[in-house]
Amino acid sequence: HIQHMTQTPYVLYVGDVTWNKNIARLAAAVNNLPLNMVWVGRAFTTTPNKDDPWQAEFAHWKARTYRNKRSFTPGFVTDQELAYLYSHAVCNALVSHDEGFGYSYAEAALHSCPSVLSDIAVFHETAQTTALFANPRDEEAIGRCIKQYVRDEKMRHQMGSAARTRVGKFTHEQCEKRGTALVHTLH
């Protein structure tokens with residue numbers, strides 16, 4: 001099932017379908033490339049509520065991907081399947097309008113999978129120089145970043161390796177140390 005979806009090079013998105021995730025624009029960017037797109041998350045197997053403004057983006061995504069033979073939505077996947085998907089993807093893509101951290105960046109990095117991220121402050125703080133950044137409102141810019149990974153396999157592997165090193169710094173100990181230091185600055 002998963003292997004069938006991944007016989008052709010693919011871009012991977014793992015996450016939710018809320019307005020901030022910008023999934024319709026990501027779908028449009030990938031539709032212009034000779035790649036498959038794999039959308040992972042339980043919410044992708046549901047039907048958008050057209051009366052819910054938070055789901056307008058999901059409805060727009062559904063319209064763009066409906067009957068697209070290069071778009072796959074397995075929904076929920078096991079940890080083993082997710083590891084396989086990250087390990088074999090051209091890249092992970094998270095081009096949100098707004099985000100708190102970017103969990104799929106960290107997950108992808110653990111599998112040496114490079115990412116295309118929105119050119120927003122939180123992603124620059126999280127990934128620093130270990131991802132490619134695109135304007136989340138520009139389908140062509142998103143597509144250009146993905147194409148860089150397709151065209152330059154060496155760079156793709158270097159970015160995946162750098163990302164893996166970067167997320168190695170996000171440990172419980174580091175979080176506790178930085179949190180304690182922050183609390184001390186408040187006194």
Q: Verify side chain to side chain contact (heavy atoms under 4.5 Å, CB included) between Tyr86 and Ser112, making sure each step is shown before the conclusion.
A: CA-CA 8 Å; Tyr86 278 128; Ser112 300; over 6 Å; no

(Q) With side-chain hydrogen bond (donor to acceptor under 3.5 Å, both in side chains) as the rule and sequence neighbours excluded, what pairs involving residues 24-38 come up? (A) Asn31-Asn68

Q. Sequence neighbours excluded, which residues qualify as side-chain contact (heavy atoms from CB on, under 4.5 Å) partners of Ala93?
A. Val11, Leu26

(Q) Restricting to non-hydrogen atoms, name the atom on Glu57 and the atom on Ala24 that form the minimum distance, rounded to 0.1 Å. (A) OE2-N, 2.8 Å

Q. Of all residues at least two apart in sequence or in a different chain, which pass the side chain to side chain donor-acceptor pair (under 3.5 Å) check with His88?
A. none

**Q.** Cluster overlap Leu82 with Val38, hydrophobic side-chain contacts below 4.5 Å
**A.** yes

Q) Does a sphere of radius 6.0 Å around CZ in Phe101 hold more than 12 heavy atoms from other residues, nucleotides or ligands, not counting ones at 6.0 Å or beyond? A) yes

Q | side-chain hydrogen bond (donor to acceptor under 3.5 Å, both in side chains) partners of residues 10-19, not counting sequence neighbours, each pair once | A | Thr18-Asn20

**Q.** Pro114 versus Met159, closest heavy-atom pair with distance
**A.** CB-CB, 4.0 Å

(Q) Could you tell me if the side chain of Phe58 sits less than 4.5 Å from the side chain of Thr46, heavy atoms only? (A) yes

Q: Scan for side-chain hydrogen bond (donor to acceptor under 3.5 Å, both in side chains) pairs involving residues 126-140, sequence neighbours excluded, and state none if there are none.
A: Tyr105-Thr130

Q. By side chain to side chain donor-acceptor pair (under 3.5 Å), which residues pair with Thr47, not counting sequence neighbours?
A. none

Q: For residues Asn22 and His97, report the shortest heavy-atom separation together with the two atoms involved.
A: OD1-NE2, 3.1 Å

Q: For Asn92 and Ser115, work out which heavy atoms get closest and say how close.
A: ND2-OG, 3.0 Å

Q) Closest heavy-atom contact between Ala89 and Leu12? A) CB-CB, 4.0 Å

Q | Point-to-point distance, once rounded to the nearest 0.5 Å, from CZ of Phe72 to CG of Leu85 | A | 11.5 Å

Q.
Working note: Ile146 + Cys91, criterion side chain to side chain contact (heavy atoms under 4.5 Å, CB included); need CA distance, chi angles, decisive distance, verdict.
A. CA-CA 7 Å; Ile146 294 168; Cys91 66; 4.1 Å; yes

Q | Lys154: side-chain contact (heavy atoms from CB on, under 4.5 Å) partners, not counting sequence neighbours | A | Asp152, Gln158

Q) Can you find a heavy atom in the side chain of Arg166 that is under 4.5 Å from one in the side chain of Lys169? A) yes

Q | Test log, rule side chain to side chain contact (heavy atoms under 4.5 Å, CB included), inputs Leu132 and Leu117 | A | CA-CA 6 Å; Leu132 295 179; Leu117 304 173; over 6 Å; no

Q. Looking only at heavy atoms, what is the nearest atom pair of Thr45 and Gly75, with distance?
A. CG2-CA, 3.5 Å

Q) Quick one: do Met37 and Val150 end up in the same hydrophobic cluster if we chain Ile, Leu, Val, Met, Phe, Trp and Tyr together by side-chain heavy atoms under 4.5 Å apart? A) yes

Q) ring pair (Phe, Tyr, Trp, His ring centres under 6.0 Å): which pairs involve residues 130-167, sequence neighbours left out? A) His124-Phe133

(Q) Can you list everything that forms a side chain to side chain donor-acceptor pair (under 3.5 Å) with His111? Sequence neighbours excluded, please. (A) none

**Q.** Cluster overlap Ile23 with Trp54, hydrophobic side-chain contacts below 4.5 Å
**A.** no

**Q.** Side-chain donor/acceptor of Arg164 to backbone N/O of Leu110, under 3.5 Å
**A.** yes

Q: Could you walk me through whether Val95 and Ser118 pass the side chain to side chain contact (heavy atoms under 4.5 Å, CB included) test, one step at a time?
A: CA-CA 4 Å; Val95 292; Ser118 297; 3.8 Å; yes

Q.
For residues 97-120, which residue pairs pass the salt bridge (Lys or Arg N to Asp or Glu O under 4.0 Å) check, not counting sequence neighbours?
A. Lys21-Glu99

Q: Any salt bridge (Lys or Arg N to Asp or Glu O under 4.0 Å) involving residues 28-47? Give me the pairs, sequence neighbours left out, ordered by first then second residue.
A: none

(Q) For a 4.5 angstrom cut-off between non-hydrogen side-chain atoms, does Leu94 reach Phe123? (A) yes

Q) Is there a path from Leu33 to Trp61 through hydrophobic residues (I, L, V, M, F, W, Y) whose side chains come within less than 4.5 Å of each other? A) yes

**Q.** Residues in side chain to side chain donor-acceptor pair (under 3.5 Å) contact with Ser71, at least two apart in sequence or another chain
**A.** Trp39

(Q) Is there a path of hydrophobic side-chain contacts, each under 4.5 Å between heavy atoms, that joins Val14 and Tyr84? (A) yes

